[in-house]
Amino acid sequence: MNNNSFISSLNSEPETLNSFSSAEATTDAIMSMRRRVVDLVQAAVLALQEQGVLGAAPAPVFQVDIPKIPEHGDFATNVALVLAKLARKAPRQVAELIIAALSPPPGMLARVEIAGPGFINFFLEDSFWLQVLADIEAAQGTYGDSTFGAGKRVQVEFVSANPTGPLHVGHGRGAALGDALANILTATGHEVEREYYINDVGLQMQTLGLSLFRRAQELQGLPVTFPEHGYQGDYIKTLAGQYLAEHGPVPAGDPDPETVERCGRFAGEAILAAIRQDLADFGVHFDHWYSETRLFQDQILDKALATLQAQGYLYEADGAWWFRATAFGDEKDRVIRRQTGATTYFASDIAYHWLKFQRGFDQVIDIWGADHHGYVPRLQAVVQALGIAPERLKVLLVQLVSLLREGQPVAMTTRGGTFVTLRQVMDEVGKDVARFIFLSRRADAQLEFDLELAKKQTSENPVYYVQYAHARLASVFRLAAERGIAWQSAARSVLQRLTLPEELAILKVLAGYPDVVTAAARHLEPHRITYFLTELAKQLHAYYYKHRFLSDDLELTQARLLLVRGIQTVLDHGLRILGVEAPESM
RNA sequence: GCGCCUGUAGCUCAGUGGGACAGAGCAACGGACUUCUAAUCCGUAGGUCGCAGGUUCGAGCCCUGCCAGGCGCGCCA
C-alpha cells in the first residue's frame, strides 16, 4: 500500500529547503482526495482560530496521511496533537473542537473519529471515491499532472559524459533518472530544460587526440609507444581507421600540437555523435548540448571569475590562483588557475554554474556519479560565493550499478577498456527493461542489475508485470469493441454498480496517484512512480483474475470498463513518465 | 586519518520533513489454467530495522558514539 503523507501549513510558508514550492495545487481542476481532506481540516482550524478558540497559533504544520491500518480510516491527521501545545488544551479536546467545526460537502464523510492520543480519523463514504473516475476521465490523460511547480524554471543537467568513450551502464542509470525526473517536474508544472554539458576542453581531449594518432600510426605499421594514460578501447582503433580514410596517412614520430588537436576533435565529435545516438535510442532527448568551449569563447569564464574576484574569494599563492572554498565549509581552498596559467576543470565548472543562474533558472539540478561526491562541497561553496541561495543548486548522486549475469559479477574495468556499454545492455535486454530497472531503486542506493534476470519474461522480472497489466486491459477493450459494447458514453450512475471491496481498493489507489507524482517531484525521486505502478498493476491482476469485466449484465460491464479504463490511463501516464512503453499487446 | 553514501525478512529493496501491530517483490513451501492474455492469481512461512546510548507522549526515521561495506580526499576530469 502506498502511504503518502501530506504536509501542510496553514500560512503559506516561503520556499523551503529541497522543495520547489509550498503552494499546493488548490486551484487545479483535479483535486486529490487527500487535498480535499486537508482543505477541510484547514478551514476548520482557521475558523476556530478566528473565533479565538485556539488562539493565534503561528503556522502550525500538520499531516494528513493514509493510515497503515484500515481501522484508522481513509485519512488521519495529527493536527490536534500539533495544536495542543499552542492551544493549551488536551489533544483530544482540540480534536473535538476541530471535528465540530468541520463543514464537509454532502456525501463525503461517513464518519469521523478521535483515536489514540488525539488523531482524527476520517472515513469517507464509499461512493465518494467514485469521483476519482470522473476526475481521470475529465483530465483526458493528464490525471496526475498538477500545478505544484507552476512558475518555476528548472534545469536538469545529466549524463554529461566526457566525449572520450562510449556511455556505460552507469551513464544509463543517470540518463534514466534525469529523464524521468525531468518528466516528473514537467508533469508537476515546472518549466524544465534538459541539458548535457560537454567537457571538450583540456588535457583529456589532448590525450584522446594522441591516442587516436598513435592508433593511426599503428594501423600504418609504424612503430609506436602507446601513451601511458591513453584511451585503450577498441573504439579508438576503429576511429583511427576512419581518420586515416578521411585525412590520409599520418607522419611518423611525435605529432605537432595542431595534429593532436585535429585528431582529438575528430575523435571527440565522432564519439559524441555515438553518444547522442545511444541516448536517442534510449529515449532521452536534450534541449541543450552545452559545450565547455563556449565558456571560453563567450568569456563566461572571465566574467564568472571576475565576480568571485570582486567578492574577494580569489587569491594568488604558490604561483597559482585559488578559490577560497573554506569560507563556505569546504575542506580546503581550490586551485582555479594553475602555475602554468591554464585554468582547471573546476574553473570551468564555476563559470558553467554562474551561467546557469544567469540564465534565470530557479532550480538547478546536477546529476553526477557518486564517485564525484567529494566535489559537491566546493561547488556549493561557489554558489554561495556568487551570492546565490545554496538550495537552488541540488546535486543528485547516482550510486554505482553492479552488473551481474546469473548472479555473478560482470567484470568491468575502464582502464583495460573492457566495460559494458549502455548500448550493449540496451541491445541485450531492451530499452524499457533497462529504464525500469534503473528506476526501481533510490538514486543513492547501489543497484544490482542482472542481465539474465532482466531478460526473463517471468514474475522475477518486475518490468513486464506493469506492462502486462496495460496490455491486458488493451485486450479487454479490443474485445469490448468487437462486441459493440458502448461503455464510454454510459451514464455516470452505472458506477454505483462498483461495490466490490477490490473495486473500492482500486479507487483509493487511483486517488492517491497525483500525490505520488507530487511527492516524486518534491523529493526528486522517480522510483516512487515505479513502486506505485507495481502496486496498481498488482491490484489490477488480482481483480482481473477474480472477476470478469465483460458479462451479460451491461450496466455492470460498463461500470467495470470505466474503472479499468481509469487504471489503464494511470498506468499509461506513469509509464510515460518513466520513459517506458505502455504496450497494447504482449 | 578526515568526509559522503549505505546497513530493514534467506536475496534485492520500499518505508515520504517522527505517529497508532515493521512492508513489497523474488526465492522457499502448498494450491489455482474448458475464463476478457497464466508474462497471471490465492495461501503459508519468514525481521532484536548493524550495535549502544540519548531526545520525545511516540524513533526504522532525529542526536552522539561504535561496528561493517562502498566511494572520495590532485595545480586530473
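Nothing here was measured: the structure is a model prediction, and the numbers come from that model. In what follows, chains are A, B, ... by sequence order, proteins preceding strands, each numbered from 1.
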statement: A:Glu331 has its side chain closest, among B:G15, B:C75, B:G3, to B:G3
- prompt: Under the 6.0 Å and 45° cation-pi test, does A:Arg111 pair with A:Phe123?
  reply: yes
Aromatic stack A:His72/B:A20: centroid gap under 5.5 Å, interplanar angle under 30°: yes
- request: With C1' as the reference atom in both, quote the distance from B:A22 to B:G46 in angstrom, rounded to an integer.
  value: 13 Å
- prompt: What nucleic acid atoms does A:Ala115 come within less than 4.0 Å of, heavy atoms only: base, sugar-phosphate, or nothing?
  reply: base
task: Can you tell me the distance, in whole Å, between the CZ atom of A:Arg334 and the C1' atom of B:C75?
output: 12 Å
- request: Determine the contact category for A:Ala469: base if any of its heavy atoms lies under 4.0 Å from a base atom, sugar-phosphate if only primed atoms, P, OP1 or OP2 are that close, otherwise nothing.
  value: nothing
task: Pick base, sugar-phosphate or nothing for A:Glu448, based on heavy-atom distances below 4.0 Å to the nucleic acid.
output: sugar-phosphate
query: With a non-hydrogen cut-off below 4.0 angstrom, is A:His373 in contact with a base, only sugar-phosphate, or nothing?
result: base
statement: Residue pair A:Tyr375/A:Ser440 against RNA chain B: nearer the 5' end by closest nucleotide is A:Ser440
message: Taking any heavy-atom pair under 4.0 Å as a contact, classify A:Ala471: base, sugar-phosphate, or nothing.
response: base
task: Under 4.0 Å between any heavy atoms, over every strand shown, what does A:Leu479 touch: base, sugar-phosphate, or nothing? Just pick one.
output: sugar-phosphate
- prompt: With sugar-phosphate meaning primed atoms plus P, OP1 and OP2, does A:Ala320 contact a base, only sugar-phosphate, or nothing at under 4.0 Å between heavy atoms?
  reply: base
query: Considering only B:G19, B:A20, B:C36, which nucleotide approaches the side chain of A:Leu81 most closely?
result: B:G19
task: Could you walk me through whether A:Tyr196 and A:Phe158 pass the ring pair (Phe, Tyr, Trp, His ring centres under 6.0 Å) test, one step at a time?
output: CA-CA 6 Å; A:Tyr196 187 117; A:Phe158 58 113; 8.3 Å; no
task: Would you check if the side chain of A:Gln363 reaches a backbone N or O of A:Glu391 as a donor-acceptor pair within less than 3.5 Å?
output: yes
- prompt: Can you tell which of B:C75, B:C13, B:A20 lies closest to the side chain of A:Arg441?
  reply: B:C13
Atom-to-atom span, NE2 of A:His372 to P of B:C5 - whole angstrom: 18 Å
query: Contact class for A:Phe477 vs. all strands (heavy atom < 4.0 Å): base, sugar-phosphate, or nothing?
result: nothing
task: Please state how far atom CG in A:Asn78 lies from atom C1' in B:G58, giving the value in whole angstrom units.
output: 12 Å
query: Does A:His523 have a side-chain nitrogen or oxygen under 4.0 Å from the phosphate oxygens OP1 or OP2 of B:G15?
result: no
Nearest-Å distance for atom pair OH/C1', residues A:Tyr544 and B:C42: 17 Å
- prompt: Where the side chain of A:Arg442 is defined as all heavy atoms beyond and including C-beta, which of B:A77, B:A14, B:C41 is the nearest nucleotide?
  reply: B:A14
- prompt: Heavy atoms under 4.0 Å, any strand shown: does A:Asp349 hit a base, just sugar-phosphate, or nothing?
  reply: nothing
- prompt: Considering only side-chain heavy atoms of A:Thr344, which listed nucleotide, B:A77, B:U40, B:U6, is closest?
  reply: B:A77
task: Go ahead and name the base partner of B:G65; Watson-Crick or wobble counts if both distances stay under 3.5 Å, otherwise write none.
output: B:C51
message: Between B:C29 and B:C71, how far apart are the two C1' atoms, rounded to whole Å?
response: 40 Å
message: Test your reading of the model: is there a side-chain donor-acceptor pair from A:Thr343 to the backbone of A:Ile336, 3.5 Å cut-off?
response: no
task: Could you tell me whether A:Arg34 sits above the aromatic face of A:Phe75, with NZ or CZ closer than 6.0 angstrom to the six-membered ring centre and within 45 degrees of the axis?
output: no
task: Compare all side-chain heavy atoms of A:Phe122 with those of A:Val41 and state whether any distance is below 4.5 angstrom.
output: yes
- prompt: Phosphate oxygens OP1/OP2 of B:C36: is one of them under 4.0 Å from a side-chain N or O of A:Arg560?
  reply: no
message: Using only modelled atom types and a 3.5 angstrom limit, is any donor from either the side chain of A:Asn121 or the base of B:A20 paired with an acceptor on the other?
response: yes
C1' spacing across the pair B:G31 / B:A68, given as an integer number of angstrom: 42 Å
message: Taking any heavy-atom pair under 4.0 Å as a contact, classify A:Tyr464: base, sugar-phosphate, or nothing.
response: base
- prompt: Between B:G15, B:U35, B:C36, which nucleotide gets closest to the side-chain atoms of A:Ser475?
  reply: B:C36
query: Where the side chain of A:Ala542 is concerned, which of B:A38, B:U35, B:C41 is the nearest nucleotide?
result: B:C41
field: Nearest heavy atoms of A:Pro67 and A:Asp65, plus distance in Å
entry: CD-O, 3.4 Å
message: At less than 4.0 Å, is any side-chain N or O atom of A:Lys538 found next to OP1 or OP2 of B:C41? Yes or no.
response: no
field: Opposite nucleotide pairing with B:G46, Watson-Crick or G-U, both atom distances under 3.5 Å
entry: none
query: If you check the A:Met586 side chain, which of B:A39, B:A77, B:C36 turns out closest?
result: B:A39
message: What is the separation between atom CD on A:Glu535 and atom P on B:G25, rounded to the nearest whole Å?
response: 9 Å
- line: 5'-most contact on RNA chain B (nearest-nucleotide basis), A:Gly374 vs A:Pro462, goes to A:Pro462
task: Determine the interatomic distance between C1' on B:G23 and the same-named atom on B:G60; round to the nearest Å.
output: 12 Å
- prompt: Which one of A:Tyr352, A:Trp368, A:Trp289 satisfies the ring pair (Phe, Tyr, Trp, His ring centres under 6.0 Å) criterion with A:Tyr197?
  reply: A:Tyr352
query: According to the Watson-Crick and G-U wobble definitions, with both distances under 3.5 Å, which nucleotide is paired to B:C36?
result: none
query: Atom CG of A:Asp444 and atom P of B:C61: how far apart are they, to the nearest Å?
result: 17 Å
statement: The Watson-Crick or G-U wobble partner of B:G25, with both key distances under 3.5 Å, is B:C11
- prompt: Run the ring pair (Phe, Tyr, Trp, His ring centres under 6.0 Å) check on A:Tyr315 and A:Trp321 step by step: do they pass?
  reply: CA-CA 6 Å; A:Tyr315 64 90; A:Trp321 279 88; 8.2 Å; no
message: Can you tell me the base-pairing partner of B:A20? Count Watson-Crick or G-U wobble geometry only, both distances below 3.5 Å, and say none if there is no partner.
response: none
query: OP1 or OP2 of B:C41 less than 4.0 angstrom from a side-chain nitrogen or oxygen of A:Arg472, does that happen here?
result: no
- prompt: Does B:G19 have A:Phe119 stacked on its base, where the ring centres are within less than 5.5 Å and the planes differ by under 30°?
  reply: no
message: Using a heavy-atom cut-off of 4.0 Å across all strands, would you classify A:Ser585 as base, sugar-phosphate, or nothing?
response: base
query: Which part of the nucleic acid does A:Asp318 contact within heavy-atom distance under 4.0 Å: base, sugar-phosphate only, or nothing?
result: base
query: Base, sugar-phosphate alone, or nothing: which one does A:Lys332 contact when heavy atoms must sit under 4.0 Å apart?
result: sugar-phosphate
- request: Taking only the side-chain nitrogens and oxygens of A:Tyr465, find out if one of them lies under 4.0 Å from OP1 or OP2 of B:C41.
  value: yes
query: Syn or anti: how is B:C61 classified when any glycosidic angle within 90° of 0 counts as syn?
result: anti
task: Indicate, with a heavy-atom threshold strictly under 4.0 Å, whether A:Gln399 touches base, sugar-phosphate, or nothing.
output: sugar-phosphate
- line: Whole-Å distance, A:Tyr531 OH to B:C13 P, equals 9 Å
- prompt: A:Gln380 has an atom CD; how far is it from atom P of B:G72, in whole Å?
  reply: 20 Å
query: Considering Watson-Crick and G-U wobble pairs with both distances under 3.5 Å, what does B:G1 pair with?
result: B:C73
- request: Using side chain to side chain donor-acceptor pair (under 3.5 Å) as the criterion, point out the one residue from A:Gln568, A:Gln467, A:His541 that pairs with A:Arg472.
  value: A:His541
